[in-house]
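Proteins get letters first, then strands, A, B, ... in listed order; numbering begins at 1 in each.
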Amino acid sequence: MRLVSARACWDLRHSTARVTDGSLIDMNTTMSTKPTTIQRFFDELSLRGQEPLLRRATGTIEWNIEDVGRWWVRMNHGAVHVSQSPQSADCVASCDAATFTGIIAGKENLMAAALRGVVHCSGNVGLGLSFQRLLY
Amino acid sequence: MASPTVSILEGNTFIVSDLAGNINATPTDPLGLFAWDTRFLSKWILTVNGTVPNVLSTDDLQYYLAQFFLVPGTGTIYVDSDVSIIRRRAAGAGFQEEIIIRNEKPDPTDLQVRLEAGADFADLFEVKDQLRKKGELYQRVRDSSLVLGYSRDTYKRETWISSSVPAEMDSRGLSYTVHLGPHEEWHTTIDVRVPTAAQLLSGEDYAKPEVGVPPNGAARRAKDLRSWTNTAPKLSSSWAPMERIYERSLVDLAALRFFPGVVPGGSLPAAGLPWFMSIFGRDSILTSLQALPFVPEMAATTLRALAAWQGTTEDQFRDEEPGKILHEIRYGEMTAFTERPHSPYFGAADVTPLFIVLLDEQERWTGDRGLVEELEMEAKAALLWIDDYGDRNGDGYVDYQRHMETGLENQCWKDSWNSILFADGSNSKLPRATAEIQGYVYDAKLRGARMARLFWNDAALADRLEREAEDLKRRFNRDYWIEERGHFALAIDGDGRKVDSLTSNIGHLLWSGIVDQEHAAECLEKLLSDRLYSGWGIRTMAEGEGAYNPIGYHIGTVWPHDNSIIALGLARYGYRKEAARVAMGILEAATFFHERLPEAFAGFRRDMTRFPVEYPTACSPQAWATGAPLLLLRVLLGLEPVGEHLIVDPHLPEQIGWLQILDIPGRWGRTDAFARVREG
């Protein structure tokens, strides 16, 4: 067996996540803070299905994005399920749209943002911080 | 010289005061109440009738509990005091302090009792690096509490102070008017509250503490500590200090426990007081490894927490790369505002191979194959990192070079900027591939191969890792050896030059097993030579090298953890007598530090000073110094798991007549080890 390089391996793991309707989203390019960007991120997340990096995390994070909407991200040993129907959450995270687009674009670090008070996180904080692993 | 201090701690909260219990911090010294890498109290001074009482005695009863006995200053030693004062302080979500004042005379007395309070909310990095604050401080009295606060944009931190006996509060403290009849006693409990993790991140106002409710949970902590020490193996020895050193290590390890949110209920060792009460990849791994024969459960938490934070992306600010294991996590203001990269920071090239080493070693001791299976993906990602990102110039050796100025210049255990130096004292070029990292990589590959074969059902990976390890060993013994000096280079630098200083790093090579048999004797000879061995321990750098300084942090001091690893390395190559000698020097040094080894002490020759000289700003207790006696005990008793059994093959130094440890936990259940010094 030949092992591919770490870089290739990890990209491989995530490549499916970046594909939606056949197009690639580059998270590192500038993203607008428009609600559609956020909606699109969660749409893609729901298509990801299996996320090995989160197989240690179990529970539901509620994301409450000011003036945009609420999403519930359920993680169960690596399976990721996204919904907009209200349900009970183990962790509630809230912030404004600009902060959230910064986080998903990799310009903002979730832990630093939470320490600074621009993201509020309550409940199972460890679970909330593991969300960072969905971003790269 | 710094004044004596008293420290108590709990989780990542710690309080450092003077012997009277007072805190009067300057911006740059580590006195205060700290939590989340932030100073929540920088002033806390008790006065009675306007003067600071004198200290009669101070007890740090437990790691979380201290007691101060005071009398009001009378201005002269010829007048007995008529009043006595006891302050009893327990750490936990801030601290709770009980103040008891007794009138010892048959007449009534009136006293003005005042507690001066203030907070500068300094980030530990600001204390260390002498930086100024950028936000606004405020104080107010609210809900019968004195609130000391700090805000900068959305960042807000507050300290809430309340009292069981109503106090007059103003922006600078609490006052009490106390009337005491003959032989009467007065007391109050003051609650100084800092935010919990949940409060810190939720953005809500802190819950007002419930005044008057006994808050400190001291009974719970006492029970927890009893159970911690009762579960650990029992040691006895004819060398009297041994038992005290062992007890001290166990209790300090308990004190340094850090409960990471990502592993519910589990604890891992934080690195050390006062600067490093946080998760450090390297320190947490090595301390867990040192403690395996005694408190094996810490290793699992360390591995799980580090796995949960394993790098997933390329982030130059944080030196993060996929598969890399973190260096350090911080929670202070500078991290929050990304003025420091510690959320988390990944600038360490040795921690990723050490992660593999600990994962395998814990299985050998505990038989916990479940953990090896659970962490298969993380371990494989770590092995991939070693070959890919780890070797940035493609020369077959793992090296390091920070991406940004805020990162660490040296990303090995000797992480000060001036540690990887040529024998003429000049600095080496980046990227640097230090020798001991190659040793860890060699060990990690062999251990990775063992786990792949036994637990991951991956024979192809095992075969490949073994071939790579063999190849690395062959190349290393050729490329790092300096024939004319007769020892291995400290590093190969960015210009491809061998960094030729003689250092303690060669001892780590013995531990990892990368040293060819033909070079082992020369390593031994150099390690025990007068140039490296001070009589107390092996110096980080040999006397006679250009940069050698007996009080230089990584260029001449003696580090107990370094010596414990070297002793294990000597024993691995069969040099049991010399391993025992190194062990004994460090254990004897401990007796000069009240059985608590500091992170480092000066490298002066033993026959010159007669006692080990304290390094000025050393951390104490520090996790891997605390773990050093535990690893040294393993070396002296020759404890080694083989299959389902624990092999005991002791070699004691003469000073220790006999030594026994009962109930050593592991895959064998519990077993005992007994040793007597060899005759003749």
Side-chain angles (χ1 to χ4, degrees), chain A residues 1-14 17 27-28 51-59 64 77-78 90-96 99 102 105-136, chain B residues 36 151-156 197-204 260-264 304 307-315 317-318 321-324 329-333 335-338 340-344 374-375 377-378 380-390 458-461 464:
Chain A
M1 181 190 122
R2 189 180 156 275
L3 288 164
V4 291
S5 80
R7 202 167 318 195
C9 173
W10 286 67
D11 279 353
L12 195 71
R13 187 170 293 143
H14 295 304
M27 295 293 182
N28 295 315
E51 176 47 79
L53 290 174
L54 283 179
R55 76 205 159 81
R56 316 176 66 70
T58 300
N64 193 341
H77 299 291
D90 304 284
C91 172
V92 179
S94 34
C95 63
D96 61 24
T99 302
K107 294 182 190 315
E108 175 73 87
N109 174 281
L110 181 57
M111 179 174 160
L115 287 173
R116 205 161 71 247
V118 289
V119 172
H120 292 157
C121 200
S122 58
N124 183 344
V125 172
L127 184 72
L129 290 180
S130 71
F131 191 79
Q132 177 80 43
R133 295 172 78 75
L134 287 167
L135 319 162
Y136 34 83
Chain B
W36 308 110
S151 71
R152 174 180 166 193
D153 303 334
T154 47
Y155 178 93
K156 193 174 99 175
Q199 291 166 335
L200 194 76
L201 299 175
S202 69
E204 291 158 17
V262 289
V263 185
R304 285 201 175 99
W309 285 104
Q310 186 173 35
T312 55
T313 187
E314 286 182 39
D315 178 340
F317 177 57
R318 296 179 180 80
E321 286 146 359
K324 202 172 180 182
I329 302 183
R330 293 291 194 175
Y331 306 91
E333 179 184 348
T335 303
F337 283 90
T338 59
R340 288 284 189 281
H342 297 80
S343 49
E374 178 189 325
L375 296 180
M377 187 187 89
E378 286 83 355
K380 285 183 171 174
L383 286 163
L384 286 170
W385 176 88
I386 288 172
D387 293 334
D388 189 342
Y389 290 92
D458 195 342
L461 174 64
R464 184 175 66 83

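There is no contact between Leu110(A) and chain B, counting heavy-atom distances below 4.5 Å. With a 4.5 angstrom heavy-atom cutoff, Arg152(B) does not touch chain A via any of its atoms. For Glu374(B), the parts sitting under 4.5 Å from any heavy atom of chain A are the backbone and the side chain alike. Using a 4.5 Å cut-off between heavy atoms, Ile386(B) makes no contact with chain A at all. Residue Val92(A): no heavy atom, backbone or side chain, is found under 4.5 Å from chain B. Using a 4.5 Å cut-off between heavy atoms, Val125(A) contacts chain B through its side chain alone, with no backbone atom that close.
Residues Gln310(B) and Arg133(A) come closest through the heavy atom pair O-NH1, 2.8 Å. Between Met111(A) and His342(B), the closest heavy-atom pair is CE-O, 4.4 Å. Ala112(A) approaches Thr335(B) most closely through the heavy-atom pair CB-O, 3.6 Å.
In this structure, the side chain of Arg116(A) engages the main chain of Ala336(B) through a donor-acceptor pair within 3.5 Å. Side-chain atoms of Ser122(A) do not come within 3.5 Å of backbone N or O of Ser202(B) as any donor-acceptor pair.
Separation of atoms CG (Leu115(A)) and OG1 (Thr338(B)) is listed at 11.0 Å; rounding is to 0.5 Å. Taken to the nearest 0.5 Å, the CG atom of Leu200(B) stands 10.5 Å off from the NE2 atom of His120(A).
Using a 4.5 Å heavy-atom cutoff, the side chains of Trp309(B) and Leu129(A) are in contact.
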